[in-house]
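Here the structure is laid out as structure tokens; the discussion comes afterwards.
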Amino acid sequence: MEVLRRSSVFAAEVMEVFDRSPTDKELVSQAKALCRDYINSRLIRAGVSWSKPEYNAPVPGGKLAEVSTILLRLGDELEYIRPNVYRNIARQLNISLHSETVVSDAFLAVAAQIFTAGITWGKVVSLYAVAAGLAVDCVRHAQPAMVHTIVDCLGEFVRKTLVTWLKRRGGWADITKCVVNTDPSLRSHWLVAAVCSFGHFLKAIFFVLLPER
């Protein structure tokens with residue numbers, strides 16, 4: 001499968017902001033780059049082949065790439081804990097994948113539900129897992145263009161809902177604090193201080209009432 005091409009110029013500009021306080025626009029750009037990377041990882045894991053234009057994504061070894069790696073590892077853990085939550089999302093939401101409006105509305109409704117009781121890194125990871133799961137559904141149902149819609153929706157949600165929270169924490173690099181070392185017999189990456197408060201959400205996330213399309 002063709003992998004997402006990486007733009008060194010864009011990545012250099014995105015990574016540069018880690019050395020200073022990021023602007024709202026930069027945080028949204030980073031959010032979308034992380035989303036593309038997350039979706040690509042899940043498409044590869046699912047063995048889904050698709051055709052797409054060039055994407056901009058973090059360059060290996062960069063600071064944003066490090067954040068992306070941690071986000072993916074935490075996503076692995078979350079999906080391991082609740083594997084059925086992040087698969088077959090379109091079917092769980094009972095939506096058609098042929099309408100950009102339907103896909104956008106559904107994703108934004110689920111995103112709003114995730115953060116109803118506040119913002120944590122665990123919920124941010126869940127947002128990315130939902131985006132990637134929905135993207136896999138779209139590609140499998142011959143709607144690869146919807147991947148761009150999902151990435152744009154996530155960026156817009158970050159702009160409206162998460163930017164202030166991210167700026168208070170100094171940006172996306174704060175997610176590295178979620179990574180801890182544990183007993184070698186256990187997984188080494190956990191959702192610190194997030195999983196406990198996350199249980200009630202995991203049970204309710206897909207009870208979001210959406211009109212059947």
Gap separating the [atom1] atom of [X] from the [atom2] atom of [Y], nearest 0.5 angstrom:
| X | Y | atom1 | atom2 | answer |
| --- | --- | --- | --- | --- |
| T176 | L74 | OG1 | CG | 10.0 Å |
| L27 | L162 | CG | CG | 10.0 Å |
| L134 | I95 | CG | CD1 | 5.5 Å |
| R159 | T164 | CZ | OG1 | 11.0 Å |
| E66 | I175 | CD | CD1 | 11.0 Å |
| N84 | E79 | CG | CD | 11.5 Å |

Between the side chain of [X] and the main-chain N/O of [Y], is any donor-acceptor distance below 3.5 Å?
| X | Y | result |
| --- | --- | --- |
| S29 | K25 | yes |
| S126 | G122 | no |
| T161 | V158 | no |
| Q113 | L108 | no |
| S68 | L64 | no |
| D137 | A90 | yes |

Ring geometry between W121 and W172 (parallel below 30°, tilted from 30 to 60°, perpendicular above 60°): tilted
[X] and [Y]: which non-hydrogen atoms are nearest, and at how many Å?
| X | Y | value |
| --- | --- | --- |
| A131 | L154 | CB-CD1, 4.1 Å |
| V103 | S96 | CG2-O, 4.1 Å |
| Q143 | H98 | NE2-ND1, 2.9 Å |
| Y128 | L34 | CE2-C, 3.7 Å |
| P144 | V139 | CA-CG2, 4.2 Å |
| C138 | I150 | SG-CD1, 4.0 Å |

Within the 6.0 Å centroid threshold, strictly below: F157 and F107: no
Full working for side-chain hydrogen bond (donor to acceptor under 3.5 Å, both in side chains) between E26 and T23: CA-CA 5 Å; E26 289 164 344; T23 65; 3.2 Å; yes
Step-by-step side chain to side chain contact (heavy atoms under 4.5 Å, CB included) determination, D152 to K32: CA-CA 7 Å; D152 288 342; K32 293 172 71 172; 3.1 Å; yes
Chi angles and distances behind the side-chain hydrogen bond (donor to acceptor under 3.5 Å, both in side chains) call for Y86, R82: CA-CA 7 Å; Y86 302 101; R82 291 291 190 276; over 6 Å; no
Test salt bridge (charged side-chain N to carboxylate O under 4.0 Å, His left out) applied to R42 and D76, step by step: CA-CA 10 Å; R42 294 312 185 239; D76 287 341; 2.9 Å; yes
Heavy atoms of other groups near E156 CD, more than 12 under 6.0 Å: yes
R91, CZ: over 12 other non-hydrogen atoms inside 6.0 angstrom: no
L127 side chain near K123 side chain, heavy-atom distance below 4.5 Å: no
Heavy-atom check, side chain of V124 versus side chain of W165, under 4.5 Å: yes
